[in-house]
Amino acid sequence: MNLITHGAYLTQLSQFRFINQYLVQEDDGLTLIDTGARGQTASILKAAASLNAPIRRILLTHAHDDHLGSLDALHVALPDAEVLISARDARLMSGDLTTDAGELQKKPRAGRAKTRPTRLLTPGDHVGSLQSIGAPGHTPGQLAFLDTRDGTLIAGDAYQTFREVSTSAELRWRSPLPAIATWDRATALASARALAALRPTRLAVGHGPVVLHPQQAMDAAVGRAERQLQK
Ligand SMILES: [Zn+2]
């Protein structure tokens with residue numbers, strides 16, 4: 001099991017060295033952010049045990065298979081843990097792929113889960129020390145989470161950090177999956193710009209290493225995506 005600690009509160013776990021989950025320390029235990037693809041349950045429970053703290057909450061950034069794949073198994077193992085996701089992506093998770101007025105009229109991709117959320121989030125809601133930030137585009141209801149204690153941003157797939165920091169609005173030939181899986185690239189770009197404006201101290205994403213002092217790299221990534229989308 002590969003666990004990496006970043007700062008005082010964040011622990012990163014990786015599945016296949018490609019899909020990240022995070023454990024965030026709170027006074028009452030841990031908040032798990034994302035569950036990985038299927039088969040990650042034992043590793044997540046082991047990671048929490050190694051931190052000597054119970055998982056109190058399971059928080060999802062968005063409703064794709066590589067982030068909610070182990071949710072159902074974890075919910076069985078941790079029936080008392082809260083399950084939280086945006087109200088918008090909860091619809092995707094339950095199989096409702098309809099779009100709303102004002103959204104891009106394109107069917108979003110989604111992963112399914114049987115587990116029902118215990119709480120539906122809208123941007124701005126707080127979950128322990130984390131403030132939720134709307135980051136739509138990759139999915140219609142993706143949320144990022146800012147740890148208000150130290151400025152760490154857990155950005156889901158709004159950014160990826162393989163090779164270099166880039167947004168999911170930008171199609172990158174050497175790591176194209178986040179952009180290909182992105183529902184609305186123009187909205188994803190606007191979200192990436194808004195996340196960069198938060199001036200996070202640390203950037204933690206679904207795919208790629210955690211980046212300390214990411215500001216310059218995030219600004220550059222937004223600039224590249226702007227130029228690509230203008231073409
Ligand atoms: Zn992903």
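Note that this is a predicted model, so its numbers are computed, not measured.
- Contact check on Glu170 versus Arg227 returns no salt bridge, with no Lys/Arg side-chain nitrogen under 4.0 Å from an Asp/Glu carboxylate oxygen.
- Listed here is the closest heavy atom pair of Ile85 and His62: CD1-C, 4.4 Å.
- Within a 6.0 Å sphere centred on CG of Asp100, other residues, nucleotides and ligands contribute more than 12 heavy atoms.
- Across Met218 and Pro200, no two heavy atoms sit closer than the pair SD-CG, 3.7 Å.
- Proximity of a side-chain donor or acceptor of Ser86 to a complementary backbone N or O of Gly141 within less than 3.5 Å is detected.
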*Step by step, work out the salt bridge (Lys or Arg N to Asp or Glu O under 4.0 Å) result for Asp150 and Arg202.*
CA-CA 9 Å; Asp150 67 356; Arg202 183 183 280 117; 3.4 Å; yes

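- Between Phe162 and Arg17, the shortest heavy-atom contact is CZ-O, 4.1 Å.
- Using cut-offs of 30° and 60° for the angle between ring planes, the Phe18 and His207 rings count as tilted.
- Closest heavy-atom contact between Ala196 and Tyr159: CB-OH, 3.8 Å.
- Of all heavy-atom pairs spanning Leu195 and Ala144, the tightest one is CD2-CB, 3.9 Å.
- Ion pairing between a basic and an acidic side chain is recognised when a charged N comes within 4.0 Å of a carboxylate O; Glu164 and Arg172 show such pairing.
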*Would you please test Thr139 and Arg88 for side-chain hydrogen bond (donor to acceptor under 3.5 Å, both in side chains) and show each step?*
CA-CA 9 Å; Thr139 61; Arg88 183 67 188 87; over 6 Å; no

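- For Ala110 against Leu92, the heavy-atom pair with the smallest separation is CB-CB, 3.6 Å.
- Ser129 is listed as a side-chain neighbour of Glu26, based on a closest heavy-atom distance under 4.5 Å.
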